[in-house]
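Down below is the structure, laid out as structure tokens.
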Number of protein chains: 2
Amino acid sequence: MISFEHFKMEDGSPIYTQIILYIKRGIIAGTIRDQDEIPSRRVLSSLLGVNPNTVQKAYRMLEEENLIESRSGAKSFMTVSQIQVDLIRAQLLESNARNLITGMKQMGISKEEAHKLIEKLWD
Amino acid sequence: MISFEHFKMEDGSPIYTQIILYIKRGIIAGTIRDQDEIPSRRVLSSLLGVNPNTVQKAYRMLEEENLIESRSGAKSFMTVSQIQVDLIRAQLLESNARNLITGMKQMGISKEEAHKLIEKLWD
DNA sequence: TCAACCGTATTATAACTATAATACGGTTGA
DNA sequence: TCAACCGTATTATAGTTATAATACGGTTGA
């Protein structure tokens with residue numbers, strides 16, 4: 001059963017995208033693996049304090065990416081191939097870094113200053 | 001007159017927040033200064049290809065932060081104090097760096113790997 | 001077996017975001 | 001002066017996000 005203990009709801013982005021991102025990052029980290037069980041819609045919505053429909057939307061979109069398999073009445077579970085892991089890693093790592101770089105450049109911050117800032121805030 | 005030539009609309013965040021962020025980053029970079037004229041609602045909406053009301057919402061929120069002054073009928077302009085610049089710089093720099101760090105940590109990426117990735121993608 | 005789950009679907013409400021079409025009166029430069 | 005701007009306001013429409021309250025039938029373990 002995959003864990004949501006480190007999930008934190010914050011920014012202004014939609015909750016369902018935060019759930020999707022949390023799961024994808026777990027896949028990259030290796031903490032979420034192929035054939036892992038995932039919490040039911042009702043259980044996770046209760047755990048996160050959100051509406052079941054919000055969880056269902058996240059799960060449905062992950063299912064459309066073939067990262068989740070569901071059967072009516074039964075538990076749902078992850079279906080993650082190595083190809084998918086590699087693809088998601090490439091996408092998320094790059095987009096995460098590019099977001100920082102774009103922002104820093106628009107603020108006129110040098111590469112060296114950016115490195116220093118990350119160094120200072122990492123721990 | 002402040003310039004929007006480097007403005008690019010992209011992510012899934014609301015357009016009005018993107019406009020606000022663009023202006024705040026320009027303030028930090030020093031390319032947008034106190035007393036600078038800003039484009040009229042109609043001109044900027046036409047330039048960006050968005051609705052005038054969307055620009056108005058961004059301008060109104062900046063006005064509520066005392067970063068813009070408007071008089072009915074006349075041009076609007078920036079009102080930026082050094083105190084505001086320092087505050088915005090601290091806020092935006094830190095949030096930008098923290099976004100990267102949070103993501104990288106959730107993906108199980110080490111600080112060294114993160115530095116390398118930024119180095120690779122910066123230019 | 002069957003109660004307790006499960007996934008799935010529907011309907012309603014509400015806030016937010018964005019567009020569209022107007023309208024009003026104030027400001028300003030040629 | 002006055003046309004061309006300006007900021008501001010209103011009304012309507014539409015899509016997205018989120019919640020709430022139900023409902024239906026499938027799966028599964030004790």
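These figures come from a predicted structure and were not determined experimentally. Proteins come first, then strands; the chains are lettered A, B, ... in the order of their sequence lines, and each starts at number 1.
- In this structure, B:Arg42 has no side-chain hydrogen bond (donor to acceptor under 3.5 Å, both in side chains) partners at least two apart in sequence or on a different chain.
- A:Thr79 and A:Ile68 make their closest contact through OG1-N, 3.7 Å (heavy atoms, listed as atom of the first residue, atom of the second, distance).
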*asked:* Can you build the contact string for nucleotides 18-30 of chain D? Use B for base contact, S for sugar-phosphate-only contact, and - for no protein heavy atom under 4.0 Å.
replied: SBBB-B-BBSS--

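- What separates CE of A:Met9 from C1' of D:dT17 is a distance of 12 Å, to the nearest Å.
- Considering only side-chain N and O atoms, A:Ser76 lies nowhere under 4.0 angstrom from the phosphate OP1 or OP2 of C:dC6.
- Close to D:dC5, at under 4.0 Å from its OP1 or OP2, lies no side-chain N or O of B:Ser40.
- Considering only residues two or more places apart in sequence or on other chains, B:Asn51 meets the side chain to side chain contact (heavy atoms under 4.5 Å, CB included) condition with B:Asn53, B:Thr54.
- Not counting sequence neighbours, the partners of A:Ser81 by the side chain to side chain contact (heavy atoms under 4.5 Å, CB included) test are A:Ile83, A:Gln84.
- The heavy-atom pair separating B:Leu93 from A:Ile109 by the smallest distance is CD2-CG1, 3.6 Å.
- Across the protein-nucleic acid pair, B:Met1 atom CE and D:dC5 atom P stand 13 Å apart, rounded to whole Å.
- Counting to the nearest Å, the P atom of C:dA18 and the CE atom of B:Met61 are 12 Å from each other.
- Of all non-hydrogen atoms in A:Ile19 and A:Phe4, the two that sit nearest each other are CG2-CE2, 4.3 Å.
- Contact annotation for A:Val43: backbone-only contact, meaning every heavy-atom pair under 4.0 Å involves sugar-phosphate atoms and none involves a base.
- In this structure, A:Ser76 and A:Arg41 approach most closely via the heavy-atom pair OG-NH1, 2.8 Å.
- Taking atom CZ of residue A:Phe77 and atom P of nucleotide C:dG7, one finds them 12 Å apart after rounding to whole Å.
- Between B:Tyr22 and B:Glu5 the shortest heavy-atom distance is OH-N, 4.0 Å.
- Residues from residues 62-70 of chain B lying near DNA chain D, meaning a heavy-atom separation below 4.0 Å, are B:Ser70 in numerical order.
- Residues A:Ile2 and A:Leu47 share a single hydrophobic cluster, defined by chaining ILVMFWY side chains whose heavy atoms lie under 4.5 Å apart.
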*Between A:Glu65 and A:Lys24, is a salt bridge (Lys or Arg N to Asp or Glu O under 4.0 Å) present by the stated rule, with each step listed?*
CA-CA 11 Å; A:Glu65 284 193 68; A:Lys24 286 187 174 180; 3.0 Å; yes

*Using Watson-Crick or G-U wobble pairs with both distances under 3.5 Å, give me DNA chain D in dot-bracket, 5' to 3', with [ ] for crossers and | for pairs to another strand.*
||||||||||||||||||||||||||||||

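- No more than 12 heavy atoms of other residues, nucleotides or ligands lie within 6.0 Å of NZ in A:Lys75, so this atom counts as exposed by the packing criterion.
- With rounding to whole Å, A:Leu44 atom CG is found 11 Å from C:dC6 atom P.
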